[in-house]
Each structure stands twice: as C-alpha cells, then as structure tokens.
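This report concerns only the one structure given below.
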Amino acid sequence: MKVLVLGSGGREHALGWKLKQSPLLTELFFTPGNPGTAELGRNVSLADNAALVEFARENAVDLVIVGPEQPLVDGIADRLAEIGVACFGPSAAAARLEGSKAFAKQVMDATGIPTAAYQAFTELEPALAYVAEQSLPIVIKADGLAGGKGVTICQTELEAQAALREALQEGRFGAAGSTVVVEEFLTGTEASVHIICDGERFIPLITAQDHKTLYEDGKGPNTGGMGTFAPSPMVTPELMTRIEEEIARPVFEHMQREGQPFRGVLFAGLMLTWNGPKVLEFNVRFGDPETQVILPLLQTDLLPILHQAATGTLQTEPPLKWHDGHAVCVVLAAEGYPRAPRKGDKITGVGAYEQGVVFQAGTKSDGHSGLVTAGGRVLGLTAWDANLQAARTRAYQLVDKIDFAGKHYRRDIGGASR
Ligand code: AMP
Ligand code: GLY
C-alpha cells in the first residue's frame, strides 16, 4: 500500500514510525513532513489541497492519512473521495464536530451526550447578560478553530466580559470567534479517548492523559500539550464501556442518521466528574502528543485498521492487541513557546535509543547533517516500560541526552498533576 501522511508534527512522525512497521506498506510519503519523517519515507512539498489531490492521483496513493484538523474542515476528504482515493479522516460535514463547538454542542444536545451546560452567542449584549446570571468560574470558547487558544477559563465576571468582548467585538479569533460558546466550568480529571470509526462500526484505542499547561501543576498558559502518558489509570474497563455507550455510539449513530457518517478517529476530550464522564470537546483527528504514547503501545498493525476505517470496512474482531506497559512522552519546547517560540537553535543528541523514540515536530535541517529548532514544540521524547514510573524515568533520561538553547519542558509528566 502506498500511503501519504499529511502534517508535519510529532503526531505525524509517530504515525509514520508505526506505519513503517507494517508489512503491507510499500511506499510512504509525508507532506510537508519534517526531518524525522524524512528518515521513514519521502517528504513532498505540496502547495495546497488541490496539489495534494493531484499528487495522490498521479502516484496512485492507496490511503491518505490526515494529521491536523484544518484540512479536514476544509474538505480534503471530500476532494479525495471525488477521485476515489481512500482518506483516513472525516468529510467536511462530519469534521464540524471539531470545526464548530456550537455544532458539537447541538449534536450532544440532540443525542443526550453528557457535557457542560452552555449557550451559544453571536451578539455581545445577550452573552453579557447570560454570564451575569451564571456561577463562576465560567468558560468562554470561540466556536471555530483557534489553534488551541480559543478557550478562556474566567475566574471573575470581569474576565468573562473581557473574553466576550475580545471575541465578539474586537475579532481576536477572526471568524472563528464570531460565535462563542459560554459554558459551565467542570471539575474532575481530564482524559483523552480516541475512537476509530468507519462510519458505522468503531474501535476505541487505549486512553491517554495530556498535560496542557506550560508549567508544572497546571500553571501558566494552555499549550497544544506539554506531554502525555498512556494508558490513563483513571479509565477503568467499566468506565470505558460507559464512554463507548454514552458518548461514542450516540455520536456515530447520529452522524450516520444525518447522512454525514464519521470516518476517521474521534478524539473526545473528557472531564471525569463525580457525575460520570462529560465531553469537553471533540476533535476529528489524532491528538498531539497523545498519539506519541498510544501508538508505541499498539501491537496490532495500524495500516489495515486505518485503511478499513477509511473505506467503511472496519473489522472489530479480533480486538486490538496492546503491550502491557506504559508510555510517557515529554515535550521539549522552544524558548518563548507558546507565544513567540524562538527558532534556529542547534539541537544535539537526537538519535536511536532503546525503549524510546525521539519524535520530531518543530525541527529543521541545518543544511548539513544537523538539526535546528523551527517551531514551538520541538521534540516529543517518548519511552515505554513495564510500569508508569519506569517509563517516566526512561523518558527523562532522554530529556537529559538531548539539548538546545532555551529548551523548556515540564518535570511532572506522568505524575499526578494536570
Ligand atoms: P478544549 O479545547 O475545549 O478541550 O479546552 C481546552 C482546555 O480547557 C481543556 O482541556 C480543559 O482543561 C479546559 N476546559 C474546557 N472546557 C472546560 C469546562 N467546561 N470546564 C473546565 N475546564 C474546561
Ligand atoms: N493534545 C491536544 C490536541 O491534540 O488537541
């Protein structure tokens, strides 16, 4: 099978790393990819979605796997369907589950999926009036894609008013913020659940937990994710069954009924509350850096699963096989991340390690044989071992081996805090 992976981050490097182990793989392309993916396959530069479709046709690509959400929201799966190329990732209509938080909330309302109480607004005055009646803290979310920056947790009414003004009046998020969702603040432990679906049948993957804030103990601004571990000890098999029946099945059945079947991976960000699991958000693609800890634990060949999901032929038996242990991914971020990451710092120590792998994200070749930083999240250092503590130790051993000026990471990945 000839496979093309769309994206350039640690998630795409991890997908390529796992796909490379498949006996079914004959050729692997990435667009645009990164120096890490260039070691696994061929990086190709394609200007836009139209160029990608053309490349897939000319090269008789059997499967396109889409990493990030934006091309899905823009309809890349629909364009590929028109020329008969299988795409792992949903149609634009189904990608609205991530592309519009108001749409996702409507689906949850329609199907009784547990989520925070909310209202959506396009006008400032009614939004301000609604906030005045709610308890604090309160959460304000830009409706559309905002690169992980669209959520503000407001401790005071003043902060909530400012967040609403920024989105609805000052256009801080552009069109993505012309609708806002105001929702109840939930407390509990967060967990990420990924479920692969072919439009009808579905298979859950093992759970992961992300550490979102820049600093230890949930402090500092939210980032795309500073590290992850898997599996999450909070999600017992009983809880997983509940998540499948109360969240996954209703959403997939709804989308199918509406004539917009979901093909790809649904990544549900959950809050595990005293009243059961509640959905914080849906994403329509693999998590980054969740993928970096999920895939190293997967024993089963990933390629047929993704191809079956893309073509509506998912085999749910035999069940996926997982390695027994745990995996931990520590993100090394550049100085200035997430606001204004510095680029061009020389990276040392990237290589092959036992029971671990260096997934590249914001890296660039220095023009010779070396690497320099080229983005906010530079590397994801992933290690696995029999238990979480041992996996953590291994991951932090990798942290000590790899260096660049301004290297920033959290010391508590895989620990108890968020
Ligand atoms: P989202 O992009 O919607 O997942 O939001 C980003 C982060 O904001 C989540 O991972 C949570 O940590 C936090 N968050 C979002 N919605 C809520 C909520 N209703 N209550 C508490 N925290 C939330
Ligand atoms: N790690 C969170 C995300 O991929 O959205």
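For the single chain, residues carry numbers from 1 onward in sequence order. Ligands are counted one by one from 1 in listed order, and the atoms in each one are counted from 1 as well.
- Between atom CZ of residue Phe359 and atom CD of residue Gln292 there is a gap of 6.5 Å, rounded to the nearest 0.5 Å.
- Heavy atoms of Glu184 found under 4.0 angstrom from ligand 1 belong exclusively to the backbone.
- For Val139, every heavy-atom contact with ligand 1 shorter than 4.0 Å involves the side chain, none the backbone.
- For ligand 2 and Gly224, the ligand atoms under 4.0 Å from any heavy atom of the residue are 1 (N), 2 (C).
- Interface atoms of ligand 1 facing Glu281, defined by a heavy-atom separation under 4.0 Å, are 1 (P), 2 (O), 3 (O), 4 (O).
- In summary, the side chains of Asp210 and Thr228 do not present any donor paired with an acceptor at a separation below 3.5 Å, with no hydrogens or angles considered.
- Per-residue contacts place Glu183 under 4.0 angstrom from the following atoms of ligand 1 (heavy atoms of the residue considered): 16 (N), 17 (C), 18 (C), 19 (N).
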Audit row: Phe267, Phe286, ring-ring contact (aromatic ring centres under 6.0 Å, His included) steps and yes/no: CA-CA 6 Å; Phe267 155 18; Phe286 282 108; 9.1 Å; no
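- Checking only distances, Asp210 does come within under 3.5 Å of ligand 2, N or O to N or O.
- Phe202 and Phe262 have their aromatic ring centers separated by at least 6.0 angstrom.
- In this structure, Gln161 CD and Ile140 CD1 are separated by 9.5 Å, a value rounded to the nearest 0.5 Å.
- Residue Lys101 has at least one heavy-atom neighbour below 4.0 Å for each of these atoms of ligand 1: 2 (O), 3 (O).
- Residues Arg411 and Tyr409 bring a donor and an acceptor atom of their side chains to less than 3.5 Å of each other.
- For ligand 2, one of its N or O atoms has an N or O atom of Glu290 under 3.5 Å away.
- Between Asp198 and Thr311, the side chains place no donor N or O within less than 3.5 Å of an acceptor N or O (distance only, hydrogens not considered).
- Heavy-atom separations between Phe286 and ligand 2 are all 4.0 Å or longer.
- At least one heavy atom of Pro289 sits under 4.0 Å from some atom of ligand 2.
- Close contacts between ligand 1 and Leu186 involve ligand atoms 18 (C), 19 (N), 20 (N), 21 (C) [criterion: under 4.0 Å to a heavy atom].
- When non-hydrogen atoms are compared, ligand 1 lies under 4.0 Å from the side chain of Asn222 (C-beta onward) but not from its backbone.
- When the heavy atoms of Arg285, His211, Glu281 are ranked by distance to atom 3 (C) of ligand 2, first place goes to Arg285.
- Residues Arg201 and Thr313 bring no donor and acceptor atom of their side chains to less than 3.5 Å of each other.
- Proximity to Lys212 (heavy-atom distance under 4.0 Å) selects the following atoms of ligand 1: 10 (O).
- Assignment of Gly225 to the shell around ligand 2 is not supported, since no heavy atom sits closer than 4.0 Å.
- Judged purely by distance below 3.5 Å, without hydrogens or angles, the side chains of His323 and Gln299 pair a donor atom with an acceptor atom.
- Applying the 4.0 Å criterion to heavy atoms of Lys141 picks out, from ligand 1, the atoms 3 (O), 15 (C), 16 (N).
- Annotation for ligand 2: atoms under 4.0 Å from non-hydrogen atoms of Gly287 are 4 (O).
- At under 3.5 Å, not a single nitrogen or oxygen of Val151, backbone or side chain, sits near a nitrogen or oxygen of ligand 1.
- Short contacts between ligand 2 and Phe267, defined as distances under 4.0 Å to a heavy atom of the residue, involve ligand atoms 3 (C), 4 (O), 5 (O).
- The distance from the CZ atom of Arg42 to the CZ atom of Phe30 is 12.5 Å, given to the nearest 0.5 Å.
- Counting atoms of ligand 1 from 1 in the listed order, those under 4.0 Å from a heavy atom of Glu190 are 9 (C), 10 (O), 11 (C), 12 (O).
- Of the N and O atoms on the side chains of Asp109 and Tyr118, at least one donor lies less than 3.5 Å from an acceptor on the other residue.
- One distance of note links CG of Leu332 with OG1 of Thr373; it measures 11.5 Å at 0.5 Å rounding.
- Lys212 and Thr223 form no side-chain donor-acceptor contact under 3.5 Å, judged by distance and modelled atom types alone.
- Residue contacts with ligand 1, taken as heavy atom pairs separated by less than 4.0 Å, involve Ile153 solely via side-chain atoms from C-beta onward.
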